[in-house]
Protein chains: 2
Amino acid sequence: MNSILVVDDDPHIVRALAITLKGHGYTVTTAMDGESALHAAAQRPVNVVILDLGLPDIDGTTVITRLREWSAVPILVLSARHGSNDKVEALDAGADDYITKPFGLDELLARLRAILRRNTDSREETTTIETSSFTVDLAKRQITKSGQDVRMTPTEWNILDIMVRNPDKLITQQQLLTEVWGPAYAKEANYLRVYMAQLRRKLEVEPGTPRHFITEPGMGYRFVP
Amino acid sequence: MNSILVVDDDPHIVRALAITLKGHGYTVTTAMDGESALHAAAQRPVNVVILDLGLPDIDGTTVITRLREWSAVPILVLSARHGSNDKVEALDAGADDYITKPFGLDELLARLRAILRRNTDSREETTTIETSSFTVDLAKRQITKSGQDVRMTPTEWNILDIMVRNPDKLITQQQLLTEVWGPAYAKEANYLRVYMAQLRRKLEVEPGTPRHFITEPGMGYRFVP
DNA sequence: CCAAATTTTGACGCGCTCTTAACGCCCGCG
DNA sequence: CGCGGGCGTTAAGAGCGCGTCAAAATTTGG
């Protein structure tokens with residue numbers, strides 16, 4: 001859930017924005033002037049700040065500057081002024097986007113999505129799967145078993161990747177074969193036996209009696225964490 | 001030096017933009033239609049794409065979509081259309097900003113700075129990476145090995161940069177090739193071998209048995225501090 | 001316009017991975 | 001009780017990927 005701080009001195013705009021944003025699933029906090037905006041931003045971290053430039057107490061650009069002293073939160077500026085000087089100043093002070101009033105709500109929402117998309121793109125997913133005997137870090141492509149790194153060949157990794165991404169789910173042989181080797185190899189069930197044995201030898205405590213890479217006879221395989 | 005790809009079918013605009021941007025220290029490449037734009041972007045990685053929506057061959061939104069299939073390069077859209085539908089479509093397709101013509105050049109430049117700032121800001125957290133045998137200062141672009149400065153060629157630095165920014169993470173060959181040389185070179189795994197050998201010769205204590213630049217056969221490379 | 005540095009290209013040998021085949025086991029079925 | 005299919009295991013040859021070196025082509029800098 002993304003949280004947004006809306007800063008505007010016009011109660012109508014604040015209220016309208018808050019309702020619209022909440023309606024789209026965002027968490028909204030509001031502020032009516034610069035000081036309380038800075039205070040609110042310090043109080044609780046937000047994902048985006050929507051900032052009107054025409055505030056009663058502090059100049060909008062100053063708000064941006066003071067916010068940027070300690071925070072890298074994306075700032076989307078609203079303004080009634082069309083002059084390009086204001087835009088340049090605000091953007092160079094550290095704003096990320098600038099919309100002039102009157103603006104379309106769908107445009108505002110689209111620009112919000114663009115900003116948020118960029119911010120979550122850069123965040124690395126920490127997708128790690130853990131079992132009783134080994135750990136798979138999908139982002140790093142790293143497998144650890146009792147403190148030791150386990151090396152995988154490309155084919156081994158491909159199979160492991162599919163398996164751990166579908167825990168407790170039955171993967172048919174054809175599914176594995178077509179995804180790893182291509183549709184032309186859909187009948188080479190031999191390959192699976194060889195590589196499944198390899199995976200178990202590397203990852204299972206007792207390769208003879210596997211606990212994580214389970215064979216479903218006649219159907220396929222199942223990975224249970 | 002930041003490189004920009006300018007895409008517009010109006011020669012006057014292309015020319016004016018190119019001159020202005022070059023005057024501000026950017027490296028500029030140009031394209032007149034969608035296909036050549038995609039081709040140009042694939043040929044050599046750029047830091048920003050400035051894209052006009054009204055292209056003769058492909059719809060602008062399609063260009064964005066196809067670019068986003070393999071690249072995360074920031075896209076700044078220019079358009080003569082003021083309709084908010086166009087804006088929403090372009091932004092949701094993956095554009096980062098949207099300016100309607102006619103626009104002020106200083107506003108364009110300010111928005112460019114904002115985009116570029118955001119792209120470098122987010123990575124500024126750790127400026128120096130240290131290993132047992134050498135130190136990399138990302139901000140200064142300086143490498144030190146046992147008190148001695150180590151010189152790197154541009155390509156060598158690009159690779160090193162990607163590697164040290166993703167410690168312990170496996171970087172696939174395609175990832176390196178597309179980010180350093182562009183997607184058109186995704187199959188030239190030869191280059192990687194040559195340059196990885198170069199990096200190891202310059203940075204590893206024993207280039208023959210690397211401890212920091214590890215090869216994951218068939219998959220890619222991994223940097224371990 | 002020349003010289004140096006850098007990038008690109010090609011060739012070679014080695015080691016590892018993939019592929020393939022053979023064999024034994026367990027289980028269900030006739 | 002004998003048979004066959006599906007599965008696990010192992011081993012060996014073929015082929016590919018990697019590191020290395022060196023030379024050609026291109027770019028950079030003076």
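Residue numbers begin at 1 in each chain, while the letters A, B, ... track the order of the sequences. In what follows, every heavy atom counts, from backbone to side chain, and hydrogens, waters and symmetry copies are set aside.
If you check the side chains of A:Gln142 and A:Asp149, you find a donor sitting under 3.5 Å from an acceptor.
Per the geometry, CZ belonging to B:Arg44 stands 10 Å off P belonging to D:dT27, to the nearest Å. The distance between atom CG of A:Leu192 and atom P of D:dG5, rounded to the nearest whole Å, is 20 Å. Rounded to whole Å, the distance from CD on A:Glu206 to P on D:dG8 is 16 Å. Between the C1' atom of D:dG6 and the CD atom of A:Glu216 lies a distance of 14 Å, rounded to the nearest Å. In this structure, A:Leu177 atom CG and C:dT19 atom P are separated by 11 Å, rounded to whole Å. Counting to the nearest Å, the C1' atom of C:dC18 and the CD1 atom of A:Ile159 are 11 Å from each other. In this structure, B:Arg200 places its CZ atom 11 Å from P of D:dC18, rounding to the nearest Å. In this structure, A:Met219 atom CE and D:dC7 atom C1' are separated by 16 Å, rounded to whole Å.
Between B:His212 and B:Phe134, the angle of the ring planes goes over 60°, which puts this pair in the perpendicular group of the 30/60° scheme.
Rounding to the nearest 0.5 Å gives a distance of 7.0 Å between OG1 of A:Thr61 and CG of A:Asp86. Taken from CG in B:Leu192 to CD in B:Gln173, the straight-line distance is 6.0 Å, to the nearest 0.5 Å.
The shortest non-hydrogen separation linking B:Asp96 to B:Val73 is OD2-O, 4.2 Å.
Residue pairs meeting the side-chain hydrogen bond (donor to acceptor under 3.5 Å, both in side chains) criterion with at least one partner in residues 215-225 of chain A, sequence neighbours excluded, are A:Arg200-A:Thr215, A:Glu216-A:Arg222.
Of the two residues contacting DNA chain D, namely B:Gly220 and B:Arg201, the nearest-nucleotide position lying further toward the 5' end is that of B:Gly220.
Taking only side-chain nitrogens and oxygens, A:Tyr221 comes nearer than 4.0 Å to OP1 or OP2 of D:dG8.
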Q: Starting at the 5' end of nucleotides 4-11 of chain C, put B wherever the base has a protein heavy atom under 4.0 Å, S where only the sugar-phosphate does, and a dash everywhere else.
A: --SBBB--
